[in-house]
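The basis for the numbers below is simple: all heavy atoms, side chains too, and nothing from hydrogens, waters or symmetry mates. Proteins come first, then strands; the chains are lettered A, B, ... in the order of their sequence lines, and each starts at number 1.
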Amino acid sequence: MSKKIKAAIIGPGNIGTDLLMKAMRSDVIEPVWMVGVVADSPGLARAAELGLKTTADGVDGMVPHMREDGVQICFDATSAYVHAENSRKVNAQGAVMIDLTPAAIGPFCVPPVNLAAAVAEQAMNVNMVTCGGQATIPMVAAVSRVQSVSYAEIVATVSSKSAGPGTRKNIDEFTRTTATGIEKVGGAGEGKAIIIINPAEPPLIMRDTIHCLTTEEPDQDAITQSIHDMIAQVQRYVPGYTLKNGPVFDGKRVSIYMEVEGLGDFLPKYAGNLDIMTAAGLRTAEMYAEEILAGRFQPEAA
Amino acid sequence: MDLKGKKITVHDMCLRDGMHPKQHQITVEQMVTIARAMDEAGIPMIEVTHGDGLGGASVNYGFPAATDQEYLSAVCKEMKNTRVSALLLPGIGTVDHLKMAVDCGISTIRVATHCTEADVSEQHLHMAANIDGLDTVGFLMMAHMIEPEELLVQLKLMEEYGANCVYITDSAGYMLPDDVTARVALARAELKPETELGFHGHHNLGMGIANSLAAIDAGANRIDGSLAGLGAGAGNTPLEVFLAVCDRMGVETGVDLFKAMDVAEDLIVPLMDDMVRVDRDALTLGWAGVYSSFLLFAKRSAAKYGLSSRDILVELGRRRTVGGQEDMIEDLALDMAREKA
């Protein structure tokens with residue numbers, strides 16, 4: 001059996017548990033700790049059953065054991081409010097932090113677009129943008145790598161059941177962070193993000209519409225090819241990432257209609273918005289792990 | 001129905017909901033001219049924003065002729081008595097837009113969510129409620145889609161977040177008077193007595209006036225409408241008609257009826273690109289319970305892909321789409337065109 005890099009998941013909620021189930025299948029990541037704050041949380045109990053060490057004392061409960069347990073990668077699936085503190089503590093123990101919250105204190109990472117660059121920078125904290133960002137920024141980048149995109153706009157439609165209390169309390173953070181990601185990672189001159197929550201039953205599968213306005217007339221063949229190539233890249237970690245319609249070309253507008261179905265590990269399949277976050281977070285961790293295993297990167301305490 | 005002596009506040013939607021049939025192309029000059037005339041007619045409140053609210057400027061909903069900031073700052077400073085509101089849909093606009101609109105001089109902010117999703121409005125309503133003197137309104141759209149008891153839970157959330165007025169909004173123009181009565185009466189009985197209650201209608205089934213009267217009878221004191229009905233779908237409750245009915249019934253609005261009629265006839269009707277009326281597609285919206293601003297999008301996609309706009313709208317209703325899902329329309333039309341081929 002090949003060597004694996006040991007990892008900790010902070011936040012035993014739906015996201016943390018789904019991430020755990022995915023990480024258990026990884027060839028290069030071995031989850032060893034689950035960190036929570038509620039002693040009788042079902043997520044901690046589930047992790048303990050799967051053989052992980054657990055603590056209900058937050059990151060402080062794990063910190064004294066991180067070095068001896070060899071934890072080199074942590075995932076934060078809690079909230080933006082506590083993320084900075086969590087990150088500082090695990091970085092001090094020499095572990096890389098992969099941020100699934102919207103805190104965005106580290107560089108953005110959208111795996112098929114800039115993962116290699118983020119890992120090459122050896123950043124000790126990387127942020128996974130937002131669910132809508134993970135689902136749409138690859139498409140913006142697929143267009144902008146062919147030709148200049150002056151403006152890109154995305155509409156993410158998610159089912160009510162998949163929009164958690166954190167998202168709801170601070171929905172502006174979604175629109176702002178996603179818009180910034182569209183510009184910084186997607187390569188658009190100006191970015192805009194819209195989120196719609198739909199309560200229909202049965203819950204709808206996450207839908208994403210991406211509109212790009214190109215500076216010059218769009219090269220239809222090159223853009224279409226680039227989009228299909230990029231979709232194949234995302235499908236490596238989210239098999240249910242599907243082009244429903246398009247690209248539609250209308251003057252300088254390029255519109256792409258996507259559907260994102262999750263794997264259904266712990267979260268329901270319709271919650272592709274959550275699945276794409278956990279899958280992208282794990283994909284990022286795996287790339288870091290490969291660098292560490294190959295001896296090209298040694299995470300060190302900041 | 002005896003409404004004699006009831007006092008209500010009417011709120012005109014021409015310069016916000018009316019942006020939909022105008023594809024958001026009303027100019028700043030046109031807005032100022034209309035707003036001045038409404039002020040002169042004694043209309044107490046008007047709404048001025050992109051049709052989809054602050055931050056609505058987009059490929060998805062349409063780019064407007066001017067920015068919200070340009071519209072609001074131009075109109076607000078001209079008003080003598082009329083108070084100006086702006087609409088904000090969380091997920092489209094943010095608290096930054098809210099602050100900008102306040103700086104432009106609005107008196108009222110209306111924060112709108114789908115009827116089951118009031119909790120996304122917490123940060124916006126909370127901030128608005130803490131701005132001195134800002135009339136803070138929660139606005140639950142597509143209110144026909146849930147039962148009165150469920151709607152009440154959501155209205156109470158908005159009240160709890162700081163709204164001093166909450167609205168029951170018939171975005172699809174689907175409700176019949178009994179539907180309005182049931183929702184408004186329960187809300188009136190259960191909300192704090194000091195919380196104002198409003199009704200926003202669409203005229204897709206021709207029920208705008210009847211529904212607004214039912215709302216007043218059940219305890220609403222704010223009623224939305226638009227002069228000459230300029231609004232999405234078959235338009236809002238035609239305000240000058242409603243004002244005339246109120247006059248006959250002894251409902252006090254404080255508006256000069258003849259002046260309102262003149263604004264409708266002389267300024268609003270000539271502005272229309274197409275007559276806003278209960279045409280086949282607008283009627284389909286009301287019958288199928290579909291968000292009124294989908295109208296022109298469905299017509300355009302139908303023309304582009306050789307489909308029936310009525311078929312598109314019926315399918316959008318069947319899929320229980322909600323406000324803001326305009327992007328779904330071209331996507332659906334492409335699916336339907338493929339099936340047809």
Side-chain angles (χ1 to χ4, degrees), chain A residues 132 136 150-161 163-179 188 190-204 207-213 243-248 250-259, chain B residues 52-53 55-61 63 88-98 111 113-124 126-127 142 145-146 150 154 157 161 291 300-301 304-305 317-338:
Chain A
T136 59
S150 57
Y151 173 91
E153 171 184 312
I154 72 98
V155 186
T157 307
V158 303
S159 65
S160 274
K161 281 189 173 163
T167 304
R168 289 167 177 276
K169 262 190 187 305
N170 198 351
I171 199 162
D172 284 5
E173 198 148 44
F174 173 95
T175 53
R176 281 198 205 101
T177 306
T178 308
E190 186 190 345
K192 181 171 179 69
I194 293 166
I195 181 168
I196 309 284
I197 302 177
N198 180 312
E201 288 289 341
L204 59 82
R207 299 183 67 265
D208 295 282
T209 297
I210 300 99
H211 300 294
C212 293
L213 301 181
L243 179 67
K244 275 208 65 221
N245 276 307
V248 174
D250 183 0
K252 290 176 181 172
R253 168 170 73 95
V254 183
S255 297
I256 306 158
Y257 299 95
M258 304 294 302
E259 192 168 84
Chain B
D52 297 272
S58 58
V59 174
N60 201 40
Y61 305 121
F63 288 103
L88 168 67
L89 277 64
I92 299 175
T94 66
V95 293
D96 301 328
H97 294 107
L98 194 166
V111 183
T113 76
H114 183 68
C115 58
T116 54
E117 313 297 320
D119 57 0
V120 300
S121 67
E122 183 178 357
Q123 67 186 139
H124 314 81
H126 188 73
M127 167 180 277
M142 299 290 274
M145 291 180 86
I146 54 175
E150 300 169 83
Q154 301 288 317
L157 283 176
Y161 301 150
Y291 197 62
R300 280 197 295 270
S301 280
K304 184 171 174 186
Y305 298 106
R318 201 189 62 78
R319 295 193 186 193
R320 300 184 73 75
T321 48
V322 303
Q325 283 192 273
E326 271 78 348
D327 64 312
M328 184 78 189
I329 299 171
E330 184 170 49
D331 189 15
L332 173 64
L334 285 159
D335 287 345
M336 289 171 75
R338 196 180 306 119

Check: Of the listed residues (B:I92, B:D96, B:L89, B:T321), which shares the most heavy-atom pairs with chain A below a 4.5 Å separation?
Finding: B:D96
Notebook entry, point to check: Checking side-chain contact (heavy atoms from CB on, under 4.5 Å) for the pair A:N245/B:E330: CA distance, chi angles, key distance, verdict?
Noted result: CA-CA 9 Å; A:N245 276 307; B:E330 184 170 49; over 6 Å; no
Under 3.5 Å, is there a donor-acceptor pair between the side chain of [X] and the main chain of [Y]?
X: A:K244; Y: B:D335; answer: no
X: B:Q123; Y: A:D172; answer: yes
X: A:E153; Y: B:S58; answer: no
X: B:D327; Y: A:Y257; answer: no
X: B:D119; Y: A:R168; answer: no
X: B:E117; Y: A:S160; answer: no

Note to self: Between B:N60 and A:K192, is the side-chain contact (heavy atoms from CB on, under 4.5 Å) condition met? List the steps.
What the structure shows: CA-CA 10 Å; B:N60 201 40; A:K192 181 171 179 69; over 6 Å; no
Note to self: Which one wins on heavy-atom pair count under 4.5 Å against chain B: A:L213, A:N198, A:V248?
What the structure shows: A:N198
Would you indicate whether the side-chain heavy atoms of [Y] and [X] approach each other to under 4.5 Å?
X: A:R253; Y: B:V59; result: yes
X: A:I197; Y: B:V120; result: yes
X: A:L204; Y: B:R319; result: no

Notebook entry, point to check: Can you name the nearest heavy-atom pair linking B:G91 to A:T175, along with the distance?
Noted result: O-CG2, 3.5 Å
Item checked: B:P90 to A:I171 - nearest heavy-atom pair and separation -> CB-CG2, 3.9 Å
Checklist line | Side chain, backbone, both or neither of B:M145 within contact of chain A (heavy atoms, under 4.5 Å) | finding: neither
Notebook entry, point to check: So which part of B:H124 gets closer than 4.5 Å to some heavy atom of chain A, the side chain, the backbone, both or neither?
Noted result: side chain
Checklist line | Check ion pair A:E201-B:R320 (N to O, under 4.0 angstrom) | finding: no
Note to self: Can you tell me which portion of A:A163 sits under 4.5 Å from chain B's heavy atoms? Options are side chain, backbone, both or neither.
What the structure shows: neither
Item checked: Over 12 non-hydrogen atoms of neighbours within 6.0 angstrom of NZ in A:K169 -> no
Check: Would the number of heavy atoms belonging to other residues, nucleotides or ligands and lying under 6.0 Å from NZ of A:K252 be above 12?
Finding: yes
